[in-house]
Novice: 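Could you have a look at this structure, given as C-alpha cells, before my questions?
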There are 2 protein chains.
Amino acid sequence: MDQIEIFKALSNKTRLQILGWLKEPELHFPEQPNADFENVGVCVGQIQLKSGLSQSTISEYLSILQRADLINSTRLGQWTYYKRNKEGLKKLSNIINTEL
Amino acid sequence: MDQIEIFKALSNKTRLQILGWLKEPELHFPEQPNADFENVGVCVGQIQLKSGLSQSTISEYLSILQRADLINSTRLGQWTYYKRNKEGLKKLSNIINTEL
DNA sequence: TTGGCATATCGGGAAAAGTCGATATACATT
DNA sequence: AATGTATATCGACTTTTCCCGATATGCCAA
C-alpha cells in the first residue's frame, strides 16, 4: 500500500473520527444483535448515522480507509461490518518512527 | 496544531521525501559551509535543487510542513535552514498510537 | 418472484490542493 | 545607493477531493 494513500485517507475529519469510533465501539455505538464488535466490527448504517453524512459518502469513506489498510470489512447477510485493521495501523506507526 | 493539517502535510510525495531527506541530511545533501546540518538543517535552495520543483512550490511546501510542526526553520543571513522537528514527530507518533 | 433493506457505485458541482511564473522582500556586497 | 542572491508571497490554471442525489447490486422475507 502506498504511504501517500494512507496519509490522504487520514486527511479528513470524518474519516479520522471513524477510526476513533472504531477503536472503542462500545463507547460510540449501540449494542448490535448477532454481531460482536470485536469480531466483525460496526455496520455501515451505524457509522453513517453517527457521522451525519450521506450514505454514499460514508460508503466511499469506508472504502478509502480500507484501501489504505486502516480498516477491514466482513459481510454478514445484507450488512457490511467494518473494524480497525491493527496490522495496518502498526505498519503506519512504523513508517512514522523509521522513515520520517 | 490540527491533526488533519498534519496528515494533509504528509499527503504529498515531495513533502514526504523532504522529511526523509532531512532525517539524514549528510546522505542527501552536499556539505554546507558555515551551517551544520544538526544545528540548523538544510537551506531551501538545496532542498529545491534536489526536489526538481520550482522555488515557489518548495518554499510553500516547507511552510506547510512547518505549520504542521513537522519541521522548523532558522534564518542565517540570507538563507533559511529547515530541519526536522523531533517534538512534532513524536507527537504524531503518539496520536497514531493512542487515538487511531 | 416481488418488494424491501443495506450497501456500493456513478455522475456531478463546489471547494481545496498542486504547481507554476512573476513579483515582492530581506539581507549582503560593492 | 545600487545590485545581486535567497526566500516568500501572489495570481492563475489544472487536478484532486469533498460531498451529494440517483441508481445499481446483493441479500432476505413474504
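Each chain gets a letter, A, B and so on, in the order its sequence line appears, and its residues count up from 1. These numbers come from a predicted model, not from an experiment.
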Novice: Where along residues 20-29 of chain A does a heavy atom fall under 4.0 Å from DNA chain C?
Specialist: none
Novice: May I ask you to test the B/Leu19-B/Leu70 pair for a side-chain heavy-atom distance under 4.5 Å?
Specialist: yes
Novice: Round to a whole Å and report the spacing from CG of B/Leu16 to P of C/dG18.
Specialist: 12 Å
Novice: Cut-off 3.5 Å, no hydrogens considered: what does the side-chain donor-acceptor table look like for residues 44-53 of chain A, sequence neighbours left out?
Specialist:
unit_1, atom_1, unit_2, atom_2, d
A/Gln48, NE2, A/Leu53, O, 3.1
A/Ser51, OG, A/Gln48, O, 2.8
A/Ser51, OG, A/Leu53, N, 3.0

Novice: Each nucleotide in nucleotides 25-30 of chain D should get exactly one letter: B, S or -. Can you fill that in based on protein heavy atoms under 4.0 Å?
Specialist: -BBS--
Novice: With sequence neighbours left out, what residues match A/Asn97 under side chain to side chain contact (heavy atoms under 4.5 Å, CB included)?
Specialist: A/Ser93, B/Ser93
Novice: Tell me what B/Tyr82 touches on the nucleic acid: a base, only sugar-phosphate, or nothing, going by heavy atoms under 4.0 Å.
Specialist: sugar-phosphate
Novice: side-chain hydrogen bond (donor to acceptor under 3.5 Å, both in side chains) with B/Tyr81: which residues, sequence neighbours excluded?
Specialist: none
Novice: Quick one: side-chain hydrogen bond (donor to acceptor under 3.5 Å, both in side chains) partners of B/Asn12, sequence neighbours excluded?
Specialist: B/Tyr61
Novice: Excluding sequence neighbours, so at least two apart, what forms side-chain hydrogen bond (donor to acceptor under 3.5 Å, both in side chains) with B/Gln66?
Specialist: B/Ser73
Novice: Going by the salt bridge (charged side-chain N to carboxylate O under 4.0 Å, His left out) test, which pairs reach into residues 33-47 of chain A, not counting sequence neighbours?
Specialist: A/Glu38-A/Lys86
Novice: Not counting sequence neighbours, list each pair that qualifies as a salt bridge (charged side-chain N to carboxylate O under 4.0 Å, His left out) and has a residue in residues 18-34 of chain A.
Specialist: none
Novice: Find the distance B/Leu10:CG to C/dG18:P and express it as a whole number of Å.
Specialist: 12 Å
Novice: Not counting sequence neighbours, list each pair that qualifies as a salt bridge (charged side-chain N to carboxylate O under 4.0 Å, His left out) and has a residue in residues 89-100 of chain B.
Specialist: none
Novice: Take atom CD1 of B/Ile71 and atom P of D/dT7, then tell me their distance rounded to the nearest Å.
Specialist: 13 Å
Novice: What integer distance in Å separates A/Leu49:CG from C/dA6:C1'?
Specialist: 13 Å
Novice: How many Å lie between CG on B/Leu62 and P on D/dA6, as a whole number?
Specialist: 16 Å
Novice: Indicate whether OP1 or OP2 belonging to C/dA8 is found under 4.0 Å from a side-chain N or O atom of A/Thr80.
Specialist: yes
Novice: Checking A/Ser11 now: which residues fulfil side-chain hydrogen bond (donor to acceptor under 3.5 Å, both in side chains) with it, not counting sequence neighbours?
Specialist: B/Ser11
Novice: Could you list all N or O pairs between the protein and nucleotides 14-20 of chain D that sit under 3.5 Å apart?
Specialist:
unit_1, atom_1, unit_2, atom_2, d
D/dT17, OP1, A/Lys8, NZ, 2.8
D/dC18, OP1, A/Asn12, ND2, 3.4
D/dC18, OP1, A/Arg15, NH2, 3.3
D/dC18, OP2, A/Arg15, NH1, 3.1
D/dC18, OP2, A/Arg15, NH2, 3.3
D/dC19, OP2, A/Tyr61, OH, 2.5
D/dC20, OP2, A/Ser54, N, 2.7
D/dC20, OP2, A/Ser54, OG, 2.9
D/dC20, OP2, A/Thr57, OG1, 2.9

Novice: What integer distance in Å separates B/Gln32:CD from D/dA6:C1'?
Specialist: 13 Å
Novice: Hey, could you give me the CG/CD1 distance between A/Asn85 and A/Ile71, rounded to the nearest 0.5 Å?
Specialist: 9.0 Å
